[in-house]
Amino acid sequence: MTADTRERPVDQLTEAEAAAELAALADEIAAHDRAYHQADAPTISDAAYDALRRRNAAIEVRFPALKRDDSPSERVGAPVAAGFGKIRHRVPMLSLGNAFDEDDVADFTARIRRFLLLKDEDPLAIVAEPKIDGLSCSLRYEDGVLVEAATRGDGQQGEDVTANIRTLPDTEVPKRLPAGAPSVLEVRGEVYMTRDDFAVLNAGRAERGEPLYVNPRNTAAGSLRQLDPTVTAGRPLRFFGYTWGETSAPFAETQWNARRRLAEWGFPLNEPAARCERPDDLLAHYRRLVADRATLPFDIDGVVYKVDRLDWQARLGFVSRSPRWAVAHKFPPEQAQTLLKAIGIQVGRTGALTPVALLEPVTVGGVVVARATLHNEDEIARKDVRVGDTVTVQRAGDVIPQIVGVDLDRRPADAEPFVVPERCPECGSLAIREAGEVVRRCTGGLICPAQAVERLAHFVSRDAFDIEGLGYKQIKLFFETGRVTRPVDIFTLERREERRLDKLVNVTGFGRKSVENLFAAIAARRTIPLDRFIYALGIRQVGQATARLLARHYGSLGAWQAAMAAAAAERTAHPEATKPAEVGETYDALCAIESIGLAMADDLTSFFAEPHNREVIADLIDPAQGGLTVTDVAAPQAADSAVAGKTIVFTGTMEAMGRAEAKARAEALGAKVAGSVSKKTDYVVVGADAGSKEKKARELGLAILTEQEWLDLAGSG
Ligand code: IVH
């Protein structure tokens, strides 16, 4: 590599030049890391060091296949002293959708039947097994030997808990598999603690005068996530296997038989499970588990239903983060009565005032609850909840506890109805409830400290920038001491504090090491995928799923920004319009993205209409300030498929695979599926009895395909 290669724009590098430069950068950055962290004697400026890391990341983004095992971007600063190493899941670890009642379960099976185009008389076998309340974990075996164990983490990347998992007995987690197991096998399941083991553990603690653990689930999770494996070794952890990730070869054709194979290889299974041929059998198994719940040796919080045939599972695939072929039928929530001591007001990141019930602490389903949400003022009025009341609190899974009712017989005579404050308790600004809205909002905007802190905390949260060591507490402290008041300040913090490190250490109470770790964690996030970036901005209504849709649709930050600015200008020019097409072309195209409606488009355009919001983005990517690299989000997979990047609208009834499956297939091939026909549509696929969309497509002169033509084009006919 010559010196001038390094100067060349990344998009002009050949593959060989890129590989050579990545190798050189890995060595160079590692040497700087050692100089900085171990010898405490840096040899280059931080800015120059950051430039090296950014260059490395940019090359990796352009040539993902060249990314090295020792890539600097996989390391946060120094060797990970504090915290766990990270393991990227080769197959993402997903979560499950929920069914709360029998109707939801009926919807689940009906959806599957429609998707697979099954007739009523066609059998659909489903496996029902307990949903165990623990911590999910993926165990990787290569040539029959346990080589890696990771927690779920964010589903894409988990914590490396290999050393801890090795401390579990062989009867729970075999360290070697018998001959016949696939040469690569990732077994996934739950690490948990039985109720008896938990009781014994707590009895020991009581004897020694140590504080008691709250419940088996949290204790199991805490025990596995110990930095020192000898601590884990002293805790009675167990494991159930129930699914798998990467495998070098298929090992079963059904879920039921896959369970058998797991058992043959030595993995304990979550029992009692049942293979059910009829919907009634599913519900019978559910009722049996509800009845037996208290006598099982471990806590369960529902029953998981999984389509038995694995080829059907593959066809059904996933929506967002959960499989279509499985669902968790949750047990009814647990409830308890307690005293409502006061009603507090919380101010959220969008200025929403949320009333919160402050309760006399009470145990609900094994967890102590002292706060519950009251949603909004209408809800308080509807339930007529008053301070001093005895209320029923309900907890379902991980959701925030709720107040479900009031015991009027126990109401004190002097209890007064709750009066909603008209000013924000945090900044004193007027709090206004607009017509048609249930939420009252603080009008203070950026001057309201609560909003600013909440927005910053959202910005660094797990699904956004995910900056380790920078949680709510730290953000609040940095905000209150004036160090971080805008997102970009996070990325200039190190530069600004360099010379005053001792002061920072004093003020924050962080050790020098944690400050360094924090800076490294921030630096590691200077390159971020577009979807996370959009989500991090905290635009109203724009959650993770929408952020992903937008990122995939527009592809790059530049394209998205340009489109949003154009749509915002169109909206400002036509504030009264009620149909997307009347607003303007870009706005209309935004609304054509499936699941984006007028309300959401308005939230996006009002965000972009505000100069200070546009400034937030500009500052973040400005090389002289935040210096962020926002990476493009490619359409999923198969960029070379015939329909990659095309916008397709399906209309009418499909024969071969059903609308839902056709849509999923198109998306897997990299196409965008839109809900309505516009000039931007590339293909309109018409099934039987198509109506107005076909007419509009003909009027616009768009390419119209029959279902068979579509199948041919998609390569699956
Ligand atoms: S299957 C693709 N089966 O529940 C989805 N998950 O709420 C694979 N869980 O993250 C999950 N018992 O940690 C499955 N019998 C069971 C389970 C189970 C508990 C957990 C798992 C998952 C979470 C989703």
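Remember, it's 1-based here, ligands and their atoms both numbered in the order they're listed. Source: prediction; values computed, not measured. Side chains included, hydrogens not; waters and symmetry mates left out as well; all remaining heavy atoms used.
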Kindly state each residue pair satisfying ring-ring contact (aromatic ring centres under 6.0 Å, His included) with at least one member in residues 170-192, sequence neighbours excluded.
Tyr192-Phe240, Tyr192-Phe298
Determine which pairs satisfy ring-ring contact (aromatic ring centres under 6.0 Å, His included) with at least one residue from residues 132-176, sequence neighbours left out, and list them in order.
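Residue pairs passing ring-ring contact (aromatic ring centres under 6.0 Å, His included), neighbours aside: Tyr141-Phe267.
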Can you list every pair where an N/O of ligand 1 is under 3.5 Å from an N/O on the protein?
{"residue": "ligand 1", "atom": "3 (N)", "partner": "Lys306", "partner atom": "NZ", "Å": "3.0"}
{"residue": "ligand 1", "atom": "4 (O)", "partner": "Lys131", "partner atom": "NZ", "Å": "3.2"}
{"residue": "ligand 1", "atom": "7 (O)", "partner": "Lys131", "partner atom": "NZ", "Å": "3.3"}
{"residue": "ligand 1", "atom": "9 (N)", "partner": "Tyr242", "partner atom": "OH", "Å": "3.4"}
{"residue": "ligand 1", "atom": "12 (N)", "partner": "Ile132", "partner atom": "N", "Å": "3.3"}
{"residue": "ligand 1", "atom": "13 (O)", "partner": "Ser136", "partner atom": "OG", "Å": "3.2"}
{"residue": "ligand 1", "atom": "13 (O)", "partner": "Glu190", "partner atom": "OE1", "Å": "2.9"}
{"residue": "ligand 1", "atom": "13 (O)", "partner": "Glu190", "partner atom": "OE2", "Å": "3.4"}
{"residue": "ligand 1", "atom": "13 (O)", "partner": "Tyr242", "partner atom": "OH", "Å": "3.2"}
{"residue": "ligand 1", "atom": "15 (N)", "partner": "Glu129", "partner atom": "OE2", "Å": "2.8"}
{"residue": "ligand 1", "atom": "15 (N)", "partner": "Pro130", "partner atom": "O", "Å": "3.3"}
{"residue": "ligand 1", "atom": "15 (N)", "partner": "Asn270", "partner atom": "ND2", "Å": "3.0"}

Go through the structure and list residues passing salt bridge (charged side-chain N to carboxylate O under 4.0 Å, His left out) with Lys131, not counting sequence neighbours.
Asp301
With Glu159 as partner, the option from Arg225, Arg152, Lys86 fulfilling side-chain hydrogen bond (donor to acceptor under 3.5 Å, both in side chains) is Arg225
Distance under 6.0 Å and angle within 45° of the ring axis: does Arg205 meet both against Tyr213?
yes
For the pair Trp325 and Phe318, name the ring-plane relationship: parallel under 30°, tilted 30 to 60°, perpendicular over 60°.
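If you compare the ring of Trp325 with that of Phe318, the planes turn out perpendicular.
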